[in-house]
Every structure is written in structure tokens, then in C-alpha cells.
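What follows is a single structure, written as C-alpha cells, with notes after it.
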Amino acid sequence: MKAEVVTVDRNRPDRAAIERAGQILKEGGLVAFPTETVYGLGGNALDPMASMKIYAAKGRPSDNPLIVHIAELDKLDEIVTEVPEKARILAEKYWPGPLTMILPKADIVPRETTGGLDSVAVRFPSDPVAQALIRAAGGFVAAPSANTSGRPSPTMASHVEEDLGDAVDMILDGGPVGIGLESTIVDFTEEIPVVLRPGYISLEMLQETLGCEVRMDRGLLITDSSVHPKAPGMKYRHYAPKADLAIIEGPEDAVIRYISRAAASAEAEGKKTGIIAADETAPLYRQGIVRSIGSRQDEEEIARHLYGVLRDFDSDGADVIYSEAFYTPRMGQAIMNRLLKAAGHKIIHITEEEET
Ligand code: TXA
Ligand code: MG
């Protein structure tokens, strides 16, 4: 059955539509909804059957835990057994917002929702549609990103329809999201807080807020396949476009020349070739399908457009994609983490000398 798509005004979500969506969740159904990061695929977090339905709809392994979304700070204590002082400080500073915290779970959270773990990921999103839906559903909504497992996360309702149009009961369309990359995940199950997934809120911001050491998960820093990321979801080849993607990194002129040459030879072999560039460099390419993901002066724009551009190349049927690197000041960690995963960690470092 095709999902019903309901357009909602982000600033004034229609009460009747939200009530109906909440009722669907209470009855064990699935509703996709906007958040400030990416669209989520929601089910009642306290209902093990709803979580099983989410895994089935996404084609996601059921050992990959879901994030439980709340819309009131008081609800946190109902689903976790302990909130360390540092977690309280982050909640106060960044909630509602793009931050997820891993805490020891209370008994009412079923293991189906946490992928069998004793900890639970909790997030309080800032999007008004998300908040209204969570309240209407009873307070606890489990929601992974609303994409088919292995595809880029959805930043617009049409992406959700493309992937899950037949698998959910309703899609709330609140327009394009603001951030475009999934939330920052911080693990509090050990003494020193650990970032399991970088996002809009950077490691440096967390360190500054807490005034203490915060680590980046070793599995994210090392490409050695013997060290696995701690968030089960980070080990899968996620966000993967259908094409072979390679990232080219180095001095700008050298990168442009390298990509132009590589694109020309790929096209000569009859391959449909895509190039991911910035506003500043896109006009300089003569080969392939060139897409800018935004200005290098605006890293938030780059983050917001990344997944949409990867999806556009899928629709084009691109065989190969060459991408510039985007080590931007604050969100660069998060942008490059997603891009590297999409590329299966294929990155080519070039220097001027090598290239000439
Ligand atoms: O921005 C977001 O966080 C979006 C929106 C919809 O809120 N949600 C999202 O969910 O990205 P998902 O399921 O696509 O990613 C959740 C990540 C996965 O990598 C999962 O393994 C990790 O969080 N995770 C969840 N619970 C965990 C736990 N208890 N311990 C470690 N990692 C956990
Ligand atoms: Mg996801």
C-alpha cells in the first residue's frame, strides 16, 4: 500500500494531521517525519513489534540499534537508569537539537529497540513537527533515518517516498531539512565521553562545553578494518551511491586537473561520469555531469546538499563519481566522515609535484 503523504507547515503543524499520525504510531504503525537533521522512520519505541517493523521496512540488520526520540526533558529519566552530570550539561546546552546520547537503558525500553544492547540512544529533536508527533504518540518514538539501508539518508520527503513509499503508513512532509547530516552521537557508557558519530555539533564544541576530555571513537579515525566503530551502524557501508566514488584531495588546481583527466578517460571508456564540486570550482570542469554541493564559504550549505547530490547521481545512473574533498572548519569532520563512507574510504591524495 502506498503511504499517505501529508504536507505540514513546519511552524504551525496541522493539529488534525499530527493527531492522526500519533494514533498510527500508538497502534503500532510507522510514520516518517522531518527532523532538523534528516527524515526519520518512526515507530513506538516501547513496542517491540514496532521496532521489528522498522528493521524490516529499512532492510536493516536488527543488531543495529535505533535512536529513541523524546520531546520533553522529563521523559529522559523514564527510559534510562542514570544520567551522568556531563550528560545533563550537554542536554541543557544542546537539547532540543542535533545531539544523541548513549545512556544505560531502563527496563521499559525493549531490547528489540536497542538491538540487544543494555544502553539506549536518546535524542530530543528541535523540529516542531517532530516534537508534535512525538507528543501525540505518547512520548517515545524510535526512529532511524528514513532511507533503505545502504542508501543516503533522506533530506526531503520525496527521498523517503522513493525508498519507503510502500513500507510506511504515512509520510509527514515538512519540506527540506535544515542540517542534512545525522546527529552527533556521544557515548556516556564509559568514564570519558566518546563521539561515536560526528555531526553538526563538533568534538571541539563538546570539549568546550564540558571543559574536559572528549574522545573520537577509534573506529572512526583508523581505517584499519580490525578496529570496529562502537556504534553498530557505523560499521556498515552506509550512504553508498550506486556509482564507484573516489575522493581527490590536494591543492585545488592539482585536484581540478586530476579530476578533469580522470573524468575524460572514464567518459572515453563509455562510463557515465559524475563530479562533485563546489560553487567556486564547478564552472572549471569541462567533462561529465558536474554538481556543486555549495560554496566553500558556507559549510552548512555543503552539509545540507551532500546526500541529495549523491541521490541525484543515482537517478542519473552514474557509473563513476569523482569528488573534491571538503575539510571545512567546523562540520568538516562530519562531512568527510559521510563522504569517506560513501566512497568506501577510497581517497586519492595528490601533491603538485606528483601531478605535473
Ligand atoms: O539525526 C539522527 O540521529 C537521525 C534522525 C532521524 O533523528 N537518526 C539516525 O538514526 O541517524 P540511525 O538509526 O540512522 O542511526 C543511529 C546510529 C547507528 O549508527 C546506531 O548503530 C547508533 O546510532 N546507535 C544507536 N543506539 C546505540 C547504542 N545503544 N550504542 C551505540 N550506538 C548506538
Ligand atoms: Mg541511518
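Ligands are counted one by one from 1 in listed order, and the atoms in each one are counted from 1 as well.
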Side chain, backbone, both or neither: [X] near ligand 1, heavy atoms under 4.0 Å:
X: Leu196; value: side chain
X: Asp187; value: neither
X: Lys105; value: neither

Does the pair [X]/[Y] count as a salt bridge with the N-to-O cut at 4.0 Å?
X: Asp244; Y: Lys271; answer: no
X: Arg88; Y: Asp77; answer: yes
X: Asp319; Y: Lys242; answer: no
X: Asp316; Y: Arg291; answer: yes
X: Arg330; Y: Glu300; answer: yes

Which atoms of ligand 1 are found less than 4.0 Å from any heavy atom of [X]?
X: Ser183; result: 1 (O), 2 (C), 3 (O)
X: Leu117; result: 28 (C), 29 (N), 30 (N)
X: Ile102; result: 27 (C), 28 (C), 29 (N), 30 (N), 31 (C), 32 (N), 33 (C)
X: Ile67; result: 3 (O), 8 (N), 9 (C), 10 (O), 16 (C)
X: Ser119; result: 28 (C), 29 (N), 30 (N)
X: Asn64; result: 18 (C), 20 (C), 21 (O)

query = Below 2.8 Å, any N, O or S contact between Asn147 and the Mg ion (ligand 2)?
reply = no
**Asked** Above 12 or not: heavy atoms from other molecules or residues under 6.0 Å from CD of Glu269?
**Response** yes
In terms of heavy-atom contacts, Lys230 and Asp187 come closest through NZ-OD2, 2.6 Å
Smallest heavy-atom separation, Leu41 atom then Ile54 atom, equals O-CD1, 3.8 Å
Mind checking whether Tyr94 and Leu206 have side chains closer than 4.5 Å, heavy atoms only?
yes
Contact check: Tyr39 vs ligand 1, nitrogen or oxygen atoms, below 3.5 angstrom:
no
Could you tell me whether Lys230 and ligand 1 have an N or O pair separated by under 3.5 Å?
no
Among Ala121, Pro34, Ala143, closest by heavy atom to atom 8 (N) of ligand 1 is Ala143
Closest to atom 14 (O) of ligand 1 by heavy-atom distance, out of Ser145, Pro154, Ala142, Gly40, is Ser145
